[in-house]
Amino acid sequence: MKSDCTQTTTCQERKKDPIEMLHSGQLVKVCAPMVRYSKLAFRTLVRKYSCDLCYTPMIVAADFVRSIKARDSEFTTNQGDCPLIVQFAANDARLLSDAARIVCPYANGIDINCGCPQRWAMAEGYGACLINKPELVQDMVKQVRNQVENPRFSVSIKIRIHDDLTRTVDLCRKAEATGVSWITVHGRTVEERHQPVHYEAIKIIKENMSIPVIANGDIRSLKEAENVWHITGTDGVMVARGLLANPAMFAGYEETPLKCISDWVDIALELGTPYVCFHQHLMYMMEKITSRQEKRVFNALSSTSAVLDYLTDHYGI
């Protein structure tokens, strides 16, 4: 785990509390946990463009607790990386609470991944299989609440929905009764991938909750985010692929502005972002503004210097 923060200067003391933000009545704009992508450099970029709250990529709690190497590679932050939620994959309350205690000085809260539909995660007892284990989810929330002394440290969950929505509402009510801070709902079932998002289901869940709810799924512009916020009556919206394609989305840009690309280059180089990640983000960002031929050339580049030369020659960056 790498951080410029000190134990005495906690994230909660430096920045606005996300729980307060979610109770403000204003649209809270959230960057989703994305494996490989929602790391420090990308979080730094989207914060420059009106993103209110960021999540780390999903981290396996057991590895994080047992391995210093895993901590150093999986979790990096700095003073400006706030407010921040660390998302964990977990199926053991004690390990999760140990992981929460480790990150507590550096983050505003933790989130339990109860929505990842990937086979490997579900086979390990992580992710979306937890929506069918409400008692385990309750136990994990309770343990974190008991082990982390800071009362402002949030414990949230991110879920998918059941075919039978009454089961989802029951899960959410149980989590709420146990002290969960808010719930993010991806409006698809475990089996659904690219089918339309069930925003009506998110609305029903919100109507049954007293705590904040964040809507997630297929939001590609600020206009869509505001529309989903109004349709569902939720307290915030979480975006994944829409932000990858356009990190300036929440600031109202329809496509990635050149200034955002320039900002990404500066941030990524300053933070020492590995080349593959640096290049991959640029491929996503430039998808809409490059021709097929330009994509072929740009995607084949194999070094930072080649990318910088390309951006200078073609865009004056």
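From a predicted model like this one, the values you see are computed outputs, not experimental measurements. The figures here come from the full heavy-atom set of this structure, side chains too, leaving out hydrogens, waters and symmetry mates.
- Counting all heavy atoms, side chain and backbone alike, Ala215 lies closest to Thr232 at CB-OG1, 4.2 Å.
- The environment of Lys203 atom NZ is sparse: at most 12 non-hydrogen atoms of other residues, nucleotides or ligands sit within 6.0 angstrom.
- The one candidate from Val155, Asp92, Leu130 that meets the side chain to side chain contact (heavy atoms under 4.5 Å, CB included) condition with Met140 is Leu130.
- In this structure, CD on Gln26 lies 9.5 Å from CG on Asp52, to the nearest 0.5 angstrom.
- For the pair Arg173/Met209, a side-chain contact is recorded, criterion being any heavy-atom separation below 4.5 Å from C-beta on.
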Where do His314 and Phe298 land on the ring-ring contact (aromatic ring centres under 6.0 Å, His included) test, with the steps shown first?
-> CA-CA 11 Å; His314 290 76; Phe298 184 79; 8.9 Å; no
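- Residues Gln138 and Thr178 bring a donor and an acceptor atom of their side chains to less than 3.5 Å of each other.
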When you look at Asp235 and Lys206, which way does the salt bridge (Lys or Arg N to Asp or Glu O under 4.0 Å) test go after all the steps?
-> CA-CA 9 Å; Asp235 306 281; Lys206 172 58 186 172; 2.8 Å; yes
Between Asn78 and Tyr106, is a side-chain contact (heavy atoms from CB on, under 4.5 Å) present by the stated rule, with each step listed?
-> CA-CA 8 Å; Asn78 61 22; Tyr106 311 103; over 6 Å; no
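- Between the side chains of Asn132 and Arg167, a donor-acceptor pair is found at a separation under 3.5 Å.
- A donor and an acceptor atom, one from each side chain of Tyr49 and Asp263, are located under 3.5 Å apart.
- The shortest distance between side-chain heavy atoms of Val180 and Val137 does not fall below 4.5 Å.
- With Thr168 contributing its side chain and His162 its backbone, the two residues share a donor-acceptor pair below 3.5 Å.
- Here NE2 of His279 is found 14.0 Å from OG1 of Thr273. Values are rounded to the nearest 0.5 Å.
- Taking CD1 of Ile231 as the reference point, atom CD1 of Ile202 lies at 10.0 Å (rounded to 0.5 Å).
- Between Ile214 and Val237 the shortest heavy-atom distance is CG2-C, 3.8 Å.
- Formation of a donor-acceptor pair under 3.5 Å by the Arg71 side chain with backbone atoms of Val65 is found in this model.
- At least one donor-acceptor pair closer than 3.5 Å links the side chain of Glu294 to the backbone N or O of Ser291.
- Of all the heavy atoms in Phe42 and Pro247, the pair that sits closest is CE1-CG, 3.8 Å.
- When atom types are taken as modelled, the side chain of Glu176 and the backbone of Ser210 share a donor-acceptor pair closer than 3.5 angstrom.
- The backbone N or O of Met285 lies less than 3.5 Å from a partner atom in the side chain of Thr256, making a donor-acceptor pair.
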Taking it one step at a time, do Tyr55 and Met238 satisfy side-chain contact (heavy atoms from CB on, under 4.5 Å)?
-> CA-CA 10 Å; Tyr55 282 55; Met238 176 183 281; 3.6 Å; yes
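- Judged by distance alone, with hydrogens and angles left aside, the side-chain atoms of Ser262 form no donor-acceptor pair with the main-chain N or O of Leu258 at under 3.5 Å.
- Interatomic distance, Trp182 CH2 to Cys172 SG, rounded to the nearest 0.5 Å: 15.0 Å.
- The side chain to side chain donor-acceptor pair (under 3.5 Å) test applied to Gln293 returns Arg296, not counting sequence neighbours.
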Show your reasoning for whether side-chain contact (heavy atoms from CB on, under 4.5 Å) applies to Arg47 and Leu84.
-> CA-CA 11 Å; Arg47 290 186 197 281; Leu84 178 67; 4.1 Å; yes
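- With values rounded to the nearest 0.5 angstrom, Leu53 atom CG is found 7.0 Å from Leu22 atom CG.
- In this structure a side-chain-to-backbone donor-acceptor pair under 3.5 Å is missing from Tyr126 to Cys114.
- Within 6.0 Å of the CD atom in Glu149, the count of heavy atoms belonging to other residues, nucleotides or ligands does not exceed 12.
- Cluster membership check: Phe153 does not share its hydrophobic cluster with Val28, using side-chain heavy-atom separations under 4.5 Å among Ile, Leu, Val, Met, Phe, Trp and Tyr.
- Looking only at side-chain heavy atoms (C-beta outward), Ile261 and Ile317 come within less than 4.5 Å of each other.
- Judged by distance alone, the side chain of Ser67 and the main-chain N or O of Phe64 form no donor-acceptor pair under 3.5 Å.
- In this model, a donor atom of one side chain and an acceptor atom of the other lie less than 3.5 Å apart for Arg145 and Ser181.
- For Pro18 against Ile85, the heavy-atom pair with the smallest separation is CG-CD1, 4.4 Å.
- When all heavy atoms are compared, the tightest approach of Arg241 to Asp218 is NH2-OD1, 3.5 Å.
- Minimum interatomic distance between Phe88 and Ala100 (heavy atoms only, all atoms of both residues): CE1-N, 4.4 Å.
- Contact annotation: the side chain of Tyr253 never approaches that of Leu222 to less than 4.5 Å [non-hydrogen atoms, C-beta and beyond].
- Ring geometry, Trp264 versus Phe278: the interplanar angle falls under 30°, so the pair is classed parallel (tilted spans 30 to 60°).
- Under the 3.5 Å distance criterion, the side-chain polar atoms of Gln147 are left unmatched by any main-chain donor or acceptor of Val144.
- Side-chain heavy atoms closer than 4.5 Å link hydrophobic residues (I, L, V, M, F, W, Y) into clusters, and following such links, possibly through other members, connects Val239 to Val213.
- For the pair Arg152/Ile19, no side-chain contact is recorded, criterion being any heavy-atom separation below 4.5 Å from C-beta on.
- Under 3.5 Å, the side chains of Asn246 and Glu255 contain no donor-acceptor pair of N or O atoms.
- In Glu254, the CD atom is not crowded: 12 or fewer heavy atoms of neighbouring residues, nucleotides or ligands sit closer than 6.0 Å.
- Side-chain contact between Ile161 and Arg188 is absent, with no heavy atoms from C-beta onward closer than 4.5 Å.
- Although no hydrogens or angles enter the test, the distance criterion places no donor-acceptor pair under 3.5 Å between the side chain of Arg220 and the main chain of Gly242.
- For Lys295, the NZ atom sits in a packed shell: over 12 heavy atoms of surrounding residues, nucleotides or ligands are nearer than 6.0 Å.
- Side-chain contact, Ser156 with Asp111: a donor N or O sits under 3.5 Å from an acceptor N or O.
- Hydrophobic clustering (ILVMFWY, side-chain heavy atoms < 4.5 Å, transitive): Val60 and Met122 are in distinct clusters.
- At a threshold of 4.5 Å between non-hydrogen side-chain atoms, the residues Arg160 and Pro117 count as touching.
- Within 6.0 Å of atom OH in Tyr310, more than 12 heavy atoms from other residues, nucleotides or ligands are found, so the atom counts as buried in its surroundings.
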Criterion side-chain contact (heavy atoms from CB on, under 4.5 Å) on Ile110 and Val103, from CA distance to verdict = CA-CA 8 Å; Ile110 63 127; Val103 300; 3.7 Å; yes
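- Taking 4.5 Å as the limit, every side-chain heavy atom of Pro57 sits out of range of all side-chain heavy atoms of Pro33.
- Residues Leu243 and Val35 fall into different hydrophobic clusters, defined by Ile, Leu, Val, Met, Phe, Trp and Tyr side chains chained together at heavy-atom separations under 4.5 Å.
- Remark: Arg193 CZ is packed, more than 12 non-hydrogen atoms of other residues, nucleotides or ligands lying under 6.0 Å away.
- The line from CG of Leu244 to CZ of Arg36 is 10.0 Å long, rounded to the nearest 0.5 Å.
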